[in-house]
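What follows is one structure encoded as structure tokens, with my remarks underneath.
Predicted model only: the values in this text are computed from it and were never measured. Order of the sequence lines fixes the chain letters, A, B, ..., with proteins taken first and strands second; residue numbering starts at 1 for each chain.
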Amino acid sequence: SAVISQKPSRDICQRGTSLTIQCQVDSQVTMMFWYRQQPGQSLTLIATANQGSEATYESGFVIDKFPISRPNLTFSTLTVSNMSPEDSSIYLCSVLRSNEQFFGPGTRLTVL
Amino acid sequence: QKEVEQDPGPLSVPEGAIVSLNCTYSNSAFQYFMWYRQYSRKGPELLMYTYSSGNKEDGRFTAQVDKSSKYISLFIRDSQPSDSATYLCAISKGSNYKLTFGKGTLLTVNP
């Protein structure tokens with residue numbers, strides 16, 4: 001398995017502002033992922049973040065809105081930029097280890 | 001057509017019941033199949049992972065895959081109140097490890 005932490009666990013933000021979410025894993029992993037879980041919707045992949053390369057974004061997600069950093073093999077950040085109420089969601093990071101994906105506890109974001 | 005459809009629930013059963021959770025998928029390119037359990041306000045936890053048709057058993061849990069019908073199931077035997085959670089099916093084409101999830105089924109096991 002993997003021990004994954006996320007900061008913050010929750011936040012309430014004003015529209016037009018940005019929030020950076022941190023994801024820390026207990027040991028080195030090559031692949032990290034960021035997902036969004038909106039109320040009543042499927043868990044949806046935002047992007048894949050590999051160390052040393054640009055993140056790869058899924059259809060419907062763009063770098064200007066969700067910039068991602070991956071400075072080393074145990075850490076990544078996701079920024080939600082210029083937020084609107086539609087960005088209210090749970091954001092989760094996950095890591096790939098032994099061909100299995102393990103998830104962090106999530107960050108619950110509310111945008112007013 | 002969505003890539004994966006999951007029985008929406010919610011499902012409420014008495015303790016000790018056998019629970020059946022089901023998903024269908026549309027693309028035969030999907031080769032890897034997972035079930036996650038998510039407790040309220042927690043991240044998903046991997047329960048079962050399989051890549052072949054047939055059954056895979058782990059304790060009270062059995063994952064079943066029928067690739068010809070594009071149908072996957074999770075069976076829980078002797079269900080316990082601690083099994084109360086949302087169950088998510090997830091599928092992957094494998095090569096890029098990207099997961100596509102169902103919407104989840106909320107299960108409540110009543111003592």
Item to check | Portion of Glu45(B) that has a non-hydrogen atom of chain A nearer than 4.5 angstrom | outcome: neither

Checklist entry - Taking C-beta and beyond as the side chain, do Arg41(B) and Arg108(A) meet within less than 4.5 Å on heavy atoms? => result yes

Checklist entry - If Ile, Leu, Val, Met, Phe, Trp and Tyr residues are connected whenever their side-chain heavy atoms lie under 4.5 Å apart, and connections chain through other members, are Ile21(A) and Ile4(A) in the same group? => result no

Checklist entry - Minimum heavy-atom separation for Lys103(B) to Ser42(A), with atom names? => result CG-OG, 3.3 Å

Checklist entry - Out of curiosity, does Ile46(A) fall in the hydrophobic cluster containing Phe75(A) (side-chain heavy atoms, cut-off under 4.5 Å, transitive links)? => result no

Item to check | pair Tyr97(B)-Asn99(A): side-chain heavy atoms closer than 4.5 Å | outcome: yes

Next on the checklist: Could you measure the distance from the CD atom of Gln37(A) to the OG1 atom of Thr86(B)? Nearest 0.5 Å is fine.
Outcome noted: 8.0 Å

Checklist entry - With the 4.5 Å side-chain cut-off for hydrophobic clustering, are Ile68(A) and Phe103(A) part of the same group? => result no

Item to check | Side-chain touch Tyr36(B)/Gln101(A), heavy atoms, less than 4.5 angstrom | outcome: yes

Item to check | chain B contact via Leu43(A) - side chain, backbone, both or neither, heavy atoms under 4.5 Å | outcome: both

Checklist entry - What's the spacing between Leu99(B) CG and Leu96(A) CG if we round to 0.5 Å? => result 9.0 Å

Item to check | Heavy atoms of other groups near Phe61(B) CZ, more than 12 under 6.0 Å | outcome: yes

Checklist entry - Are more than 12 heavy atoms from other residues, nucleotides or ligands located less than 6.0 Å from atom CD of Gln80(B)? => result yes

Checklist entry - Going only through I, L, V, M, F, W and Y residues with side-chain contacts under 4.5 Å, is there a path from Tyr51(B) to Met31(A)? => result yes

Next on the checklist: Ignoring hydrogens, what is the shortest heavy-atom contact between Pro44(B) and Leu92(A)? Give both atom names and the distance.
Outcome noted: CD-CD2, 3.6 Å

Next on the checklist: Would you say Phe75(B) ends up clustered with Tyr49(B) if hydrophobic residues are merged whenever their side chains have heavy atoms under 4.5 Å apart, either directly or through other cluster members?
Outcome noted: no

Checklist entry - Contact part of Glu58(A) toward chain B, heavy-atom cut-off under 4.5 Å: side chain, backbone, both or neither? => result side chain

Item to check | Pairwise distance NZ(Lys42(B)) to CD1(Ile90(A)) - rounded to 0.5 angstrom | outcome: 12.0 Å

